[in-house]
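Please read the structure below before turning to the comments.
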Protein chains: 2
Amino acid sequence: MGVINHIKKIRIEKGITQIRMAEDLQVTRQTINAIEKNKYNPSLELALKLVDYFDVPIEEIFILEEDET
Amino acid sequence: MGVINHIKKIRIEKGITQIRMAEDLQVTRQTINAIEKNKYNPSLELALKLVDYFDVPIEEIFILEEDET
DNA sequence: AAGATGTGTAAAGATATCTTTACGTATCAG
DNA sequence: CTGATACGTAAAGATATCTTTACACATCTT
């Protein structure tokens, strides 16, 4: 059970650096890096900002992994 | 800047109690209550579970309020 | 080689999210 | 009135999210 994301993939595709993303989204570079490395999930607020930032559907960025029985 | 939600409205429309929601989503009733009262935002994981649970687009539940310049 | 740029990481601290326990109020059924 | 059900809330504590500061490594340019 948990959430994984495809932020790094999307960021690279768009040719954006972690540094620029952090500035644009008003968080630190370490936050972007940690989320890309799936160290933890973004807050809902940051997740929604990421959706707006990349302009892609949320399902293309964040995947809710179901509990495998 | 922040996120508001329409969980209470949607829950009432579907005739579900906070207690049942909490059981179904495996969180406490207090968590549901606090989120409905906008005491704090759900985690991204819980937010995605809520989307699945209600089967509505995320934009109908969560609204990212922009910073008014 | 030296400097600039982009990325990975770590540790300490602040704040947010969530649980557990518990109490209060209101409504409805018996 | 009594009991059951649903909701609102509060306080203490655990864990997650995010910041600040700092260091390391790799690549590219000069």
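Order of the sequence lines fixes the chain letters, A, B, ..., with proteins taken first and strands second; residue numbering starts at 1 for each chain.
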Considering all heavy atoms, the nearest V56(A)-V51(A) contact: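 Here V56(A) and V51(A) meet closest at O-CG1, 3.3 Å.
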Closest non-hydrogen atom pair between A22(B) and R29(B), with its separation: CB-N, 3.6 Å
Side chain to side chain contact (heavy atoms under 4.5 Å, CB included) between V27(B) and I35(B), worked out: CA-CA 11 Å; V27(B) 294; I35(B) 292 168; over 6 Å; no
Nucleotide range of DNA chain D lying under 4.0 Å from chain A heavy atoms: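 First and last nucleotides in contact are dT17(D) to dA22(D).
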With [X], which residues qualify under side-chain hydrogen bond (donor to acceptor under 3.5 Å, both in side chains), at least two apart?
| X | result |
| --- | --- |
| N33(B) | Q18(B) |
| E23(B) | none |
| N5(B) | N38(B) |
| T28(A) | T31(A) |

Sugar-phosphate or base contact per nucleotide [nucleotides 21-30 of chain C; S, B, -; heavy atom under 4.0 Å]: BB--------
Phosphate contact (dT7(C) OP1 or OP2) by N33(A) side-chain N/O below 4.0 Å: no
Global bending angle along the helix from dA1(C)-dT30(D) to dG30(C)-dC1(D), which compares the axes of five pairs at either end, to 10 degrees: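 Taking the rotation axis at each end, their angle is 30°.
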Side-chain hydrophobic cluster, 4.5 Å single linkage: members besides I4(B): I63(B)
To the nearest 0.5 Å, how far apart are [atom1] in [X] and [atom2] in [Y]?
| X | Y | atom1 | atom2 | result |
| --- | --- | --- | --- | --- |
| L50(A) | M21(A) | CG | CE | 5.0 Å |
| I32(B) | L46(B) | CD1 | CG | 6.0 Å |
| N41(A) | L44(B) | CG | CG | 5.5 Å |

Name each donor-acceptor pair under 3.5 Å that joins a side chain in residues 6-13 of chain B to protein atoms two or more places apart or in another chain, with its distance.
| residue | atom | partner | partner atom | Å |
| --- | --- | --- | --- | --- |
| K9(B) | NZ | E13(B) | OE2 | 2.8 |
| R11(B) | NE | E36(B) | OE2 | 2.5 |
| R11(B) | NH1 | I16(B) | O | 2.9 |
| R11(B) | NH2 | E36(B) | OE1 | 3.2 |
| R11(B) | NH2 | E36(B) | OE2 | 3.4 |

Residues within residues 6-21 of chain A bordering DNA chain D, heavy-atom distance below 4.0 Å: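 Correct list: empty, so none.
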Those residues of residues 35-53 of chain A lying under 4.0 Å from DNA chain D by at least one heavy atom: I35(A), Y40(A), N41(A), P42(A), S43(A), L46(A)
Check: L25(B) main-chain N/O paired with K49(B) side-chain donor or acceptor under 3.5 Å: no
Toward the 5' end of DNA chain D, by each residue's nearest nucleotide, T31(A) or A34(B): A34(B)
Residue pairs fulfilling side chain to side chain donor-acceptor pair (under 3.5 Å) with at least one residue in residues 53-64 of chain B, sequence neighbours excluded: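 Counting only pairs at least two positions apart or across chains, the side chain to side chain donor-acceptor pair (under 3.5 Å) contacts touching residues 53-64 of chain B are D24(B)-Y53(B).
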